[in-house]
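The next block holds one structure in the form of C-alpha cells; read it before the comments.
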Amino acid sequence: MNRLLRTILLEASEDELREAFADTGEDLDALAARGKAAAQRALSETPDPARVKDLHRGLGVLLQMLRRRERLSIDELAKNANVSAVELRHIETDPAFNPNPRTIFQLEQYFKLDERSLVILSGAVHVETRVREEAVRFAANSENIHGLTKEERKLLNQFVKFLKKHTD
C-alpha cells in the first residue's frame, strides 16, 4: 500500500494531485510546504562521508549484480528503468557519487525491491552501523565477472533479504 501511494504521489501531475485532494479538506499547498520542509531538514543533516561511501559501495555492487542477473548492459538497464546510463555507470563505479533520488526510485521499481532498500544504500537516510557493515561485507565478497556464480547469487539473495528486514 505504501509503495502504491508513493508511486502515485511521485508520478501524478500537480493537477491530478489537486483533484485527488479536493474532497479531503486538506490544503495541498500546506502539505507540499510541509513535505518540502521535511526534505530540506533531511538534506541539511550532514552525513558521515565514510559511512555514505561504504553504503554507496554496497549500492554499486548490488545494482551491478542485479543487472548481471538479468543479463543487461548498463545501457539496457538505463533504457528499461528510464534512467541515465551515465548515472548508472557512476553509481556502479564511484562510491563518492551521490545518486539522484528519482534514479533510486526508478531502480527500486524496476527490480521490484522493497520500498527504501536502495534509499538506505544511497545514504539518504541514517542507518545503524550493522547495515553499513553488511553493505561493506557484501561489496567485498562480490567479484566483478560476467555471469553470477552460484555463490554470488546466494550472496545477492541473502543481502536482499537483509535489506528487506531493515526496510520494514
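In this chain, numbering begins with 1 at the start of the sequence shown. Only this structure's heavy atoms are used, side chains among them; waters, hydrogens and symmetry mates stay out. Note that the structure is predicted; figures quoted are calculated from it, not measured.
For residues 49-87, no pair satisfies ring pair (Phe, Tyr, Trp, His ring centres under 6.0 Å), with sequence neighbours left out. Among residues at least two apart or in separate chains, ring pair (Phe, Tyr, Trp, His ring centres under 6.0 Å) pairs with a member in residues 76-98 are His90-Phe97. Each salt bridge (charged side-chain N to carboxylate O under 4.0 Å, His left out) pair with one or both residues in residues 117-126, not counting sequence neighbours, would appear here, but there are none.
Between Leu118 atom CG and Phe105 atom CZ the span is 11.5 Å, to the nearest 0.5 Å. Interatomic distance, CD of Gln64 versus CG of Leu59, reported as 11.5 Å (0.5 Å rounding). The CG atom of Leu72 sits 10.0 Å away from atom CZ of Arg69, with the distance rounded to the nearest 0.5 Å. How far CG of Asn82 is from CD of Gln109: 12.0 Å, rounded to the nearest 0.5 Å. Atoms CZ and OG, on Arg116 and Ser122 in that order, are 10.0 Å from each other to the nearest 0.5 Å. Taking OG of Ser84 as the reference point, atom CZ of Arg102 lies at 10.0 Å (rounded to 0.5 Å).
The minimum heavy-atom distance between Val119 and Glu108, with the atom names listed, is N-OE2, 3.4 Å. Contact between Pro99 and Ile91 at its shortest, heavy atoms only, is CB-CD1, 3.7 Å.
Taking the charged nitrogens against the carboxylate oxygens, Glu76 and Arg67 have no contact shorter than 4.0 Å, which rules out a salt bridge.
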Report the C-alpha distance between Val61 and Met65 in whole Å, list the side-chain angles of each, state the deciding distance to 0.1 Å, and finish with yes or no for side-chain contact (heavy atoms from CB on, under 4.5 Å). CA-CA 6 Å; Val61 170; Met65 290 179 78; 3.8 Å; yes
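With sequence neighbours excluded, the residues that form a side chain to side chain contact (heavy atoms under 4.5 Å, CB included) with Ala81 are Leu77, Val83, Leu107, Tyr110. Scored by the side chain to side chain donor-acceptor pair (under 3.5 Å) test, Asn98 finds no partners at all (sequence neighbours excluded). For Ala96, the side chain to side chain contact (heavy atoms under 4.5 Å, CB included) test picks out Lys53, Asp94, with sequence neighbours left out. For the salt bridge (charged side-chain N to carboxylate O under 4.0 Å, His left out) test, residues two or more places apart in sequence or in another chain that qualify with Asp75 are Arg89. For Thr103, the side chain to side chain donor-acceptor pair (under 3.5 Å) partners at least two apart in sequence or on another chain are Glu87.
Looking only at side-chain heavy atoms (C-beta outward), Glu70 and Asn80 stay at 4.5 Å or farther from each other.
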